[in-house]
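Structure first, then comments.
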Amino acid sequence: QVPFVESGGGLVQPGGSLRLSCAANGFNFGYYAIGWYRQAPGKESEGVSCISHRDATTHHADSVKGRFTISRDNENNVAYLQMDSLTPEDTGLYYCAGQISCPPFTIAVNHRGPIRGQGTQVTVSS
């Protein structure tokens, strides 16, 4: 049982927008900061945006500042990533993960392994 289930990915043209969702799956959502990560083909994963669990403080990678917005709904155990002004460089597999704090982009680990979902594919292409 994966701790998160992501949705909302797809194919979008450059300049377009997508909204990703991250639903907790039997996981203590409110105890963790939440981070969104992405992995492009042939590249290592990178942290994109995260949000703390105490005061909803957010942090973004320089590459997405001003274009991506992260939010969370602790009552419904869901986090969101609103992505605007998308470029082909934003293409990748996006997944969410639990973090001890935000920042840094460090995925928390429990007895089952890294606390992360399997991801949703985002492709930005004309």
Taken in chain and number order and not counting sequence neighbours, the residues that satisfy salt bridge (charged side-chain N to carboxylate O under 4.0 Å, His left out) with Lys65 are Asp62
Q) Can you find a pair of side-chain heavy atoms, one from Thr120 and one from Leu20, that are under 4.5 Å apart? A) yes
* Within one Ile-Leu-Val-Met-Phe-Trp-Tyr cluster: Val48 and Ile70, side-chain cutoff 4.5 Å -> yes
Closest non-hydrogen atoms of Val64 and His60, given as atom of the first, atom of the second and distance, are CG2-CB, 4.0 Å
Side chains of Ser49 and Leu81, heavy atoms from C-beta outward: is any pair under 4.5 Å? yes
Taking the side chain as every heavy atom from C-beta outward, state whether Tyr32 and Ile115 have any pair of such atoms under 4.5 Å apart. yes
Would a 4.5 Å heavy-atom cut-off, applied to side chains only, mark Ser17 and Gln82 as touching? yes
Glu46 meets the salt bridge (charged side-chain N to carboxylate O under 4.0 Å, His left out) criterion, sequence neighbours left out, with Arg38
Quiz prompt | Geometric cation-pi criterion, Arg19 with Tyr80: 6.0 Å, 45° | solution = yes
Item checked: Side chain Ser52, main chain Thr57, donor-acceptor under 3.5 Å -> yes
The reported gap from CZ in Phe29 to CG in Asp73 (rounded to nearest 0.5 angstrom) is 7.5 Å
Do Val124 and Pro88 come within less than 4.5 Å of each other through their side chains, counting heavy atoms only?
yes
What I'd like to find out is whether the side chain of His59 reaches to under 4.5 Å of the side chain of Phe105, using heavy atoms alone. yes
_Could you check whether any side-chain N or O of Arg67 sits under 3.5 Å from a backbone N or O of Ser85, counting only pairs where one atom can act as donor and the other as acceptor?_
yes
Is Asn110 reaching over with its side chain to a backbone N or O of Arg112, donor-acceptor style, under 3.5 angstrom? yes
Validation row: Gln99, Ile34 side chains within 4.5 angstrom (heavy atoms): no
- Compare all side-chain heavy atoms of Cys22 with those of Tyr95 and state whether any distance is below 4.5 angstrom. no
